[in-house]
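Worth saying up front: this structure is predicted, and the values here are computed from it rather than measured.
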Amino acid sequence: MKLAIISHTPHYMNGGKISGWGPTIREINHLTEVFESIYHIAPLHSGTAPPSSLHYEDNRIFFVPLKPYGGKSFVDKISIFTTAFHNLKVIKSVLKNVDWVQFRSPTAMGVYVLPYLSARKEPKRWVKYAGNWKLSGTPMSYRFQKWWLKKNFLNSFVTVNGDENDEKNNILNFRNPCLDNEELANANAIADKKDFTGKLTLCFSGTLTNNKGVGIILDSVSRIKRRNEIERIIFAGDGPDRERYESEASGSDLDIVFKGFMNRNDLKDVYAESHLILLPSESEGFPKVIAEAASYGCVPVVSDVSAISRYFNDSNGFLLKEISSDALAHRIDEALMDREMLKNKSKKCSTISKLFTFEDYIKNLREKILKEE
């Protein structure tokens, strides 16, 4: 079987090699276990690839460039439509040669790609919806895509994050993978030996924005009653407001470290060192960083949004029913107060992390979508 993937994943050409956003590239590398060839149709940007980028590992994966689109200015925004004719022409040329197409939604070009795909009889369609399927208040283009998928993709598959039993039969809960079996075994071995008796290290991993909860974390520090039991707080990631956050953190009596963008191996060291991962974000699909950190025994303190509570709740973590600095500080104090409870939660985290392997993902793909016997 041959697969085409249409996504907004930015790609870069550096040193004669194509690279793209690491988590997506890793997933596609594993899909070669199922498909004999894969064509990834995505925007090619100028400039240097960020540290999170990876190369494709298999010569059966072919990158097909689209014209990049979108941005902050008015001209950038209308480029979504001025590039549409060219990008659809590219997409059409690839789809005639494949058995399956996966479209990764929601993204701006979904407003014209989804109607185009629904008008075709072939190839077979699979839409991977990466956002929060049930979140209200999303951009109009995202609401349109969700509506279109529910009305016009009844004979196709739509995979989402979460338990969507109230939806149509073609809308499937599908976990996002982030670990292979070897990584899982190594991480779990570290989790087994993790000591929760001394001062604890807390971490955050992701883009440094208020939407991800960075401001809430920094504001919560002064409200934590047991903060003398905290060794340090590590922020792994970067963003346009990093300098402002670093300035805010400089006045704290805690050791707060900003690591910037980190490659995967360095990020593993952060998880190995940390005891809690903080993610008080306003909206999520299902953040892979929670499962990655959990495999190292990091107990999540996270917002109760989307599908998170399906896997991580108060039995193996700390859910924030209210997204505020007071609520976050309270839950951190709870974690610091009872170390035996925290160690038990850590053990449960490393156990459930096995659900997020690429091997499990491929198994679900074969059974639920490809319908292999």
Classify the ring geometry of His275 against Phe196: parallel below 30°, tilted from 30° to 60°, perpendicular beyond 60°.
perpendicular
Pair Arg232 + Glu273, salt bridge at N-O below 4.0 Å
yes
Should the pair Phe358 and His30 be assigned to parallel (<30°), tilted (30 to 60°) or perpendicular (>60°) ring geometry?
parallel
Hits for ring-ring contact (aromatic ring centres under 6.0 Å, His included) against Tyr69, two or more places apart or cross-chain, chain-then-number order -> none
Which atom pairs, donor and acceptor, lie under 3.5 Å between side-chain atoms of residues 89-97 and protein residues at least two apart or in another chain?
from  : atom 1 : to    : atom 2 : distance (Å)
Ser93 : OG     : Val90 : O      : 2.6
Asn97 : ND2    : Ser93 : O      : 3.4

Report the residues that fulfil ring-ring contact (aromatic ring centres under 6.0 Å, His included) with His8, sequence neighbours left out, ordered by chain and then residue number.
none
Can you list everything that forms a ring-ring contact (aromatic ring centres under 6.0 Å, His included) with Phe144? Sequence neighbours excluded, please.
Trp148
Does the distance from a Lys or Arg side-chain N to an Asp or Glu carboxylate O, for Glu248 and Arg244, drop under 4.0 Å?
yes
Basic-acidic side-chain contact under 4.0 Å: Arg227, Asp253:
yes
Take Ile332 and Leu202 through the side chain to side chain contact (heavy atoms under 4.5 Å, CB included) test and state the conclusion after the steps.
CA-CA 9 Å; Ile332 293 173; Leu202 286 54; 4.0 Å; yes
Write out all pairs satisfying side-chain hydrogen bond (donor to acceptor under 3.5 Å, both in side chains) with one or both partners inside residues 334-356, taking only residues at least two apart or from two chains.
Glu229-Arg339, His330-Glu334, Arg331-Glu334
Acceptor/donor pairs from residues 34-46 side chains to any protein atom, 3.5 angstrom cut, sequence neighbours excluded:
from  : atom 1 : to    : atom 2 : distance (Å)
Glu36 : OE1    : Met1  : N      : 3.0
His40 : ND1    : Tyr56 : OH     : 2.7
His40 : NE2    : Ser7  : OG     : 2.7

Between Glu183 and Arg264, is the closest basic N to carboxylate O distance under 4.0 Å?
yes
